[in-house]
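First up is the structure itself, then whatever we jot down about it.
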Amino acid sequence: MDTEKKPSLGAGGGVVKKAFIKSAPVLAGYVVLGIGFGILLRDAGYGLLWSLAMSALIFAGSMQYVGVGLLAGGASLISAALTTFMVNARHLFYSISMIGRYRDAGKYKPYLIFALTDETYSLLCDGETPDGADPNLYRFLVSLFDQCYWVTGCVLGSVLGAALPFGTEGIEFSMTALFVASFTEQ
Amino acid sequence: MSANIHAALLVAVMSAVTILLRFLPFLIFRGGNTPAYISYLGGVLPRAIIGMLVIYCLREADLFSAPFALPELISAAVVAGLQRWKRNSLVSIIFGTAIYMLLIRVM
């Protein structure tokens, strides 16, 4: 293995580490909430691939929990669209408050906008980025780490759901707890 | 099979609407400055919406028959109290959920 570092790699490694440290508070929360989601989805009859697809394509925790009910109940596409609009309308305002900050994000911009969840917003809304690092790369990495945690949790929940030694009834309260904590914090 | 296709379409709709909501402000206010009232709403609305989501989550709690939504209320109070005290969302969420899972089994 070639261990020699290119001049730019040192700075790159630094920004990866700093982004990871920034995202760390979200790690366990996303994994735990994701596991809860994976278990619920599995109990509703939708396994691993569904959990993977929803966490990769929707990437909105509360909407995915609500989406389990939509899938299980065979909701119409119209009611799914309206429900998604109502549950996720708050994202309009996260985006609004990030317009200035993401204006010059270039190639990172589409993913930064796609991945602007409640938690990622709460990490990045202070606008602080480490000295000497490309702020757009830094924000991209924080967003990407967050989605990796989320997808990992959702997949784990789907795989582990059947094997857990205790009943999982009540695990759905983790979503309520997330919102209560977030409301208390603001 | 057709049930699976419908489910896939549901996931696609949830994904598309979520993406649209996240991109819309960037598309609308692409060029010029964001109007002041929009910035104001961006500042005050997230809290109100999170509050609504809390109510939404608790909608099925039954206040008028045993156990009178006590597991929900106690657990939510534990989460809020822990959050004020420790300010660590993860600790609040895990502890609150564990309390809830315990309470619904014993009450």
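The basis for the numbers below is simple: all heavy atoms, side chains too, and nothing from hydrogens, waters or symmetry mates. The sequence lines fix the lettering, A, B, ..., with proteins before strands; numbering per chain opens at 1.
- Taking a cutoff of 4.0 Å between a charged side-chain nitrogen and a carboxylate oxygen, D118(A) and R90(A) qualify as a salt bridge.
- In this structure, chain A has heavy atoms under 4.5 Å from both the backbone and the side chain of A8(B).
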Side chain to side chain contact (heavy atoms under 4.5 Å, CB included) evaluation trace for M54(A) with M14(B): CA-CA 9 Å; M54(A) 288 177 78; M14(B) 287 185 259; 4.2 Å; yes
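- Across L48(A), I35(A), L49(A), a single residue satisfies side-chain contact (heavy atoms from CB on, under 4.5 Å) together with V155(A), and that is L48(A).
- Closest of all the heavy-atom pairs between L112(A) and N136(A) is CD1-O, 4.5 Å.
- At a 4.5 Å heavy-atom cutoff, the contact between T117(A) and chain B is made by backbone and side-chain atoms alike.
- Closest heavy-atom contact between F37(A) and C154(A): CD2-SG, 3.5 Å.
- Rounding to the nearest 0.5 Å places OG of S143(A) at 8.5 Å from CG of L123(A).
- For I93(B), the parts sitting under 4.5 Å from any heavy atom of chain A are the backbone and the side chain alike.
- With a 4.5 angstrom heavy-atom cutoff, L10(B) touches chain A via backbone and side-chain atoms both.
- No side-chain heavy atom of P25(B) sits less than 4.5 Å from a side-chain heavy atom of I28(B).
- Annotation: maximal heavy-atom pairing with chain B below 4.5 Å, among L70(A), I58(A), L27(A), T83(A), occurs at I58(A).
- Contact annotation for V180(A): both backbone and side-chain heavy atoms come within less than 4.5 Å of a heavy atom of chain B.
- Heavy atoms closer than 4.5 Å to chain A are found in the side chain of Y100(B), but not in its backbone.
- Y46(A) touches chain B through its side chain: at least one heavy atom from C-beta onward sits under 4.5 Å away, while N, CA, C and O do not.
- If you measure heavy-atom distances from L21(B) to chain A, the contacts under 4.5 Å come from both the backbone and the side chain.
- Only the side chain of I94(B) comes within contact range of chain A, with heavy atoms under 4.5 Å apart.
- Checked against the 6.0 Å centroid threshold, Y30(A) and Y149(A) do not count as a close aromatic pair.
- With chain A as the partner, the residue from L102(B), V79(B), L82(B) showing the most heavy-atom pairs under 4.5 Å is V79(B).
- Listed options F85(A), W50(A), Y102(A) were ranked by heavy-atom pairs under 4.5 angstrom with chain B; first place goes to W50(A).
- Using modelled atom types, no side-chain atom of Q147(A) and backbone atom of F59(A) make a donor-acceptor pair closer than 3.5 Å.
- Taking A53(A), A60(A), A177(A) one by one and counting their heavy-atom pairs under 4.5 Å with chain B, the maximum is reached by A177(A).
- When each of G67(A), A81(A), G170(A) is checked for heavy-atom pairs under 4.5 Å with chain B, G170(A) comes out on top.
- When L116(A), T184(A), I113(A) are compared by the number of non-hydrogen pairs under 4.5 Å with chain B, I113(A) comes out ahead.
- Comparing A98(B), S92(B), P71(B), S75(B) by heavy-atom pairs within less than 4.5 Å of chain A, the highest count is held by S75(B).
- Only the side chain of L58(B) comes within contact range of chain A, judged by heavy atoms closer than 4.5 Å.
- Remark: side-chain polar atoms of S79(A) are not paired, donor with acceptor, to backbone N or O of A75(A) under 3.5 angstrom.
- In this structure, NZ on K22(A) lies 4.5 Å from OH on Y138(A), to the nearest 0.5 angstrom.
- Between chain A and the options A7(B), G96(B), A16(B), the largest number of non-hydrogen pairs under 4.5 Å is found for A7(B).
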